[in-house]
Every structure is written in C-alpha cells, then in structure tokens.
Amino acid sequence: MTRKPDPLDHLADALAEDILDAPAERILAEAAEDHGDDAALAAAFDGIAARAARQARPRRLADRIGALAAMLAPKGAWRPAMAAVAGLAVIVVAGDLYWHVRPEIELPAAVPAPASAPAAAARDTVAQDALAREAVTKKAVAPEAAKEEARQEAAGAGFVPAQDRRADAAYSPAQVAAAPPPAAEPAPQPPAAASAPAEQARRGKTLATNSAPAAARVAEAPALVRAPVRDDRLHTLLDYERARTYDQPGRAVSQLAQPNAPRPVAPGLVAPLSRLAGLSFDWPLRGRVLARGEGIDVAAPSGTDVRAAADGLVIYAGGADKGFGNLILVRHRDGFVTVYGYTSRMLVKAGDEIRRGQVIAKSGASGEAAEPQLHFEIRKDVAPVDPAQYLPRG
Amino acid sequence: MTTVSTLGFATTEPAAATLSPAEAAVAIRALTAADKTALMKIARLYARKTPYDHEDLLQEALCRVLAGARAWPRHVAAVAFLWGVVRSIASEWKAQALDRAPDAVDPDGEERRAIARFDVAKVLSLFADDPAAEAIVRGMLDGARGAELQALSGLDKTDYESKRTKIRRRIEKLAL
C-alpha cells in the first residue's frame, strides 16, 4: 500500500538540505545558542556513536554466525528424501507386522472346533505361553536369540535389540567396529526356521503385544524385556526417526541422545518417546552475565572450562571469524546449534561427538572480546533463540 | 567560507564499491564537530513523526552502518550518506507505527489527516507574522525546492537565504 507523502517529510528534507548547506561556524554557533556549548551536540553524537558501535558488534557477529551456520547447515534437498525413506520404512514394517500377526488373529475362526489332540495341545501351549511369556520366552527362544541374550547380559549394558544395534551401527563407524559381525546377529527368521515352541511363543507374544491397548503395553513393559527381535522393529523405527533428527548420516545419534543413561530397559514405546521430548541445555560455565542479546556474554577468567551445553556433534571449531575468535559450533538434535565464542583454546575439532558437560574449550578473550568471557548462543535452524528459555535459572 | 565538510574517504586498497564496516567506523570517527552537530539537528527533524527520539534514530542509523547492514557507496560523503540512512529509518519506523495503529487499514484516515493538518497548522503559525516566510514554508510543505521557492517568496537571493535560515531556526526551536 502506498501512502501519500507527508508534507512534513517534504519540510524536513528541505530543512536538512539547509543544514548541510550551512557554514560550519553557523552550525556550531547555533548549537552554542541552543545548548550553551558549541560542542554539546557533537559530544552527544560521540556518546551515541559509542553506543551504536557496541550495539553493532554483536549484530555483525550474529550475522556472521548466521551465515556460517547457514553455510554449514545441511542442504534441504535430501530431507524430503529422508522423509520418503522413513515413510517407506513405516509402510514396510507395518506391512510386515500385519503379515505376521494376521494369521494369529484369524486363527480362532479358521481352526475347526473338533481339533486333534496334538493340535489342541499345541494351542494350549500357545495360550499358556502368551500368559506366561516371560518364562516361555526364556525357555523357548531360538538358540541364536539365546546366544544373543547371553552376549547382551555379559555386556552388562541392558537389553539392546539386535536390530537396534544394527541401526546404531549403520550410523556410527565407531560402533561398527565395536559391534559383532553381522553374521553373528540373529536375522529375522521366517516362521519355518524357528522351532515350533519358540515360534508359537513368539507369535503368541506378538499377538498379545500388538492387540493390547497402548496403556496395557506400557504396563506390560517389564514383560517385554526379553522381547524377540520382531517386536523391536518399532523401537528400531523410533531410533531411526530419532536418527533422522540428526543432519549427518554416519553418526551414532542414539548414543548422543542419552549418553550417560543406560540403554533402554524396555524396548517398548515409553523410553524412545521420552527421549524424543524437548531438548534442554546446561550453562557452559557460570559467571557474571555481561550482556544479553541474541546470545549471552558471560565473564570468566581466562582458562575456565567451557562445557558442552548438551550432547551433540561439533560442526565447526576454528578461528576464521575475527569477531568471535576461536569459535565452536555444536549441532544438537531437533535442529539446535550452540555457539561458543571468544575461547582461548579449543579442545575439540569438527566431527567430534561430545557429551553434555564435556569440557570443549577454555574461556578467553580471543577475537574482539574486550575482556575474558564466553559468548554463548543457542540457535534453532540457524536463527538465534533466547537462551534463557532453554537454560536452567540461577 | 567553510562549509560542513563532506568527508572524502581515501584508501590504498583495491577499489571496493562500498566501505567496509571498519572503514565506516573510521569515517564516522573522522567527522568534524560541525558534521556531528548537523547530523544531530537532522536526526531531530526526522524523529518528530516517529515513536522514538532523535538519539534513538541516530543510534540505529550508526548501528546499521557499523554492522554493515547499510552499504556505504565509496563516493558518497559521510554526512550525506548518514542523512540518507536517518531519513530511511525514520520513514521505516513511521510506517511501522502506522501499521501498528488501529486504523492502519486506512492510513489516510480522517484522524490522521486531522493530526497532520494540526502539525502543518502549528508550523505555519510560526510564520503568521511573516508572509514571505509563510509562502516559503508552504512551498516546502508542497515539495518545492530552490529557485521555485525563491520565486514563491518574491525575495532576492540574499534575503531569501536569510529567510530560509530564519525559518529553519524557528522550526528547530519548535522541537527543542
């Protein structure tokens, strides 16, 4: 919408031209006449300019960081492709689950009432197994699965579904090295490959698990501790979704989510969903807050430990930015990036996976810092956010 | 006669089209007292119709220049460039204020016209005792410049220049 020119704007333009055309002596004399001192307005200008300079520095640096973060941000083009792959995975897993569950659902109607004694005994076994799945599973799992369980128990890391580990390994070169070779892992077997009791136990559990309401499944979580591989596909899928929130394939994202916490005890829906909840950050160091804006400047003696605010992946560590000196950018899940500037020494490098609380740098006064301090920012999808919303109070 | 300086910025670097923020900072530091005083007066003129005062306006202008948000063509003098930035930001702030106003859908609404008429009337009332000055001010409000204004006043060049100075001083004092 165009607005009519304001007559007073025309007047201001004309008067401004007069001011610029006026002799310097007259301008200063007018200032002396109005304010009692011909330097009064010039002094006021100097104060304004000083404030502007202080205000401009973080703006300029924020722009630079924004540009840097934008440059380091993954290209958007592969995200739709990842979403498509995720959608395809959902369809495949859901279809597979349905294919395996459907016969069990239809079984009561399909089996004729006068069953033979062995068949009736088998059905009884299935029912008993479904009711006491913990005991049945322990006794009836396939030998490969039993070996897998023993391996996991020996590792003392809680239950890690085999497919979970495969998923993690696919994202983590380090874990690929640590994980057993794929051949040793129990691949999902067709029903005919497993022993009959084991297969019946597994089917019984699959049917019970998938037909129960979500709340009941949560209540049954302890019983699912030793759930066989097929039940864990949802878990694997959630891990995959969680992995997708990280922008760099090839990273052990599930480990980044809860570094110090043990692996989930129950591979049901509860633990993975809780890990997908909001991300929180810790203060990288404590000290007097010098300035707040798009980030926080915290005073700290040189050499103070600067700790990672959350688990993440170092995407930049260098001194290319003259303003922030030694600068570290850490990408976290959900598109968050934290920024650590003015550091005297960087203890991590790009590509390092870091844990919450890990010392990643020493504070200092590099770049344009006037005194030893840390510049800390939290960005969401490149744009800075108010750190106070994510940091604990106090 | 010494006039308000127009800072020429010399550099030995390969010619870039615009000053870098660091060069802009040097150029601002190099302003004379008269330049700074003139810019303060100019900021006061343009801040009148914004929600902020002239110091805020000038600070924002300098901040944007120092942050590199405003490209400073190398051939443009400092005061002239900063005047343009101040004018631009004032216009931006005024537009934002209008957009936030309840009758933003009708920026030329009756109430706004009434306020504008009041402001114009207040300015014209300053020159009720001076028909020549009032004619010049009316011409300024209509966007007339230079020889056209002089013709409206019916004064010779010397008297016209003197009258314009008198007009400016009266309006400046109105805002003090």
Side-chain angles (χ1 to χ4, degrees), chain A residues 1-35 37-64 66-67 293-294 322-323 368, chain B residues 1-5 21 25 28-29 31-42 45-46 48-49 55 58-69 79-80 83 87 90-91 94-95 98 107-108 116 119-120 123 137 140-145 149 164-165 167-169 171-173 176:
Chain A
M1 182 188 300
T2 57
R3 294 188 170 92
K4 287 182 180 176
D6 189 337
L8 292 175
D9 286 345
H10 291 312
L11 182 65
D13 289 345
L15 296 177
E17 288 174 7
D18 285 355
I19 291 171
L20 290 185
D21 289 341
E25 295 83 356
R26 180 181 296 167
I27 293 291
L28 294 175
E30 290 172 359
E33 180 186 337
D34 294 340
H35 302 280
D37 180 3
D38 64 354
L41 289 181
F45 179 96
D46 288 340
I48 293 168
R51 288 199 298 273
R54 283 196 296 273
Q55 190 180 357
R57 188 170 60 93
R59 267 197 215 184
R60 194 168 64 243
L61 299 179
D63 288 345
R64 283 187 200 165
E294 291 183 341
K322 292 179 181 175
E368 295 180 359
Chain B
M1 182 173 70
T2 307
T3 59
V4 173
S5 69
I28 290 170
R29 276 198 295 272
L31 290 172
T32 66
D35 293 334
K36 295 172 182 174
T37 304
L39 284 168
M40 290 289 285
K41 284 171 171 278
I42 287 172
L45 284 174
Y46 284 99
R48 279 181 192 159
K49 299 277 283 183
E55 292 199 357
L58 191 55
Q59 181 174 331
E60 179 64 19
L62 294 174
C63 181
R64 290 191 190 184
V65 171
L66 293 173
V79 177
W83 168 32
R87 185 178 187 279
S91 175
K94 195 160 71 174
L98 290 175
D108 297 315
D119 289 341
V120 170
V123 170
V137 170
M140 286 177 171
L141 290 167
D142 289 340
R145 290 289 186 276
L149 278 178
R164 283 196 67 150
T165 302
I167 290 169
R168 177 172 59 80
R169 291 295 290 152
I171 293 176
E172 281 180 356
K173 287 181 178 175
L176 289 176

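Nothing here was measured: the structure is a model prediction, and the numbers come from that model. Chain identifiers are assigned alphabetically (A, B, ...) following the order of the sequence lines, protein sequences preceding nucleic acid strands; residue numbering begins at 1 within each chain.
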Shortest non-hydrogen separation from Ala52(A) to Leu66(B) and the atoms involved: C-CD1, 4.1 Å
Nearest non-hydrogen partners of Asp18(A) and Met140(B), listed with the distance: OD2-CE, 4.0 Å
Heavy-atom pair count under 4.5 Å with chain B, highest-scoring of Glu30(A), Arg26(A), Arg60(A): Glu30(A)
Salt bridge Asp34(A)-Arg169(B), side-chain N to carboxylate O under 4.0 Å: yes
Distance in Å, Leu58(B) CG paired with Arg51(A) CZ, rounded so as to fall on 0.5 Å steps: 9.5 Å
Cationic N near anionic O, under 4.0 Å, Glu17(A) to Arg164(B): no
From Leu15(A) atom CG to Tyr46(B) atom OH, the distance as rounded to the nearest 0.5 Å: 8.5 Å
Residue part contacting chain B, namely of Asp13(A), when any heavy atom lies under 4.5 Å: both
Arg59(A)/Glu60(B) salt bridge by N-O under 4.0 Å criterion: yes
Greatest number of heavy atom pairs closer than 4.5 Å to chain A - which of Arg64(B), Met40(B), Arg29(B): Met40(B)
Atom group of Ala12(A) that falls short of 4.5 Å from chain B, counting heavy atoms: both
Nearest-0.5 Å distance that lies between atom NZ in Lys41(B) and atom CG in Leu41(A): 7.0 Å
Choice from Val137(B), Thr165(B), Val65(B), Ile167(B) maximising heavy atom contacts with chain A below 4.5 Å: Thr165(B)
Side-chain heavy-atom pair His35(A), Thr37(B) within 4.5 angstrom cut-off: no
Other residues, nucleotides, ligands: >12 heavy atoms within 6.0 Å of Arg168(B) CZ: yes
Heavy-atom proximity to chain A below 4.5 Å, by part of Ala33(B): both
Engaged part of Ile42(B) at the chain A interface, taking heavy atoms whose separation is under 4.5 Å: both
Pairwise distance CG(Leu62(B)) to CD1(Ile48(A)) - rounded to 0.5 angstrom: 7.5 Å
Ile19(A) CD1 to Leu45(B) CG distance, which is reported to the nearest 0.5 Å: 4.5 Å
Closest heavy-atom pair and its distance - Ala67(B), Ala56(A): N-CB, 3.8 Å
Atom group of Arg57(A) that falls short of 4.5 Å from chain B, counting heavy atoms: neither
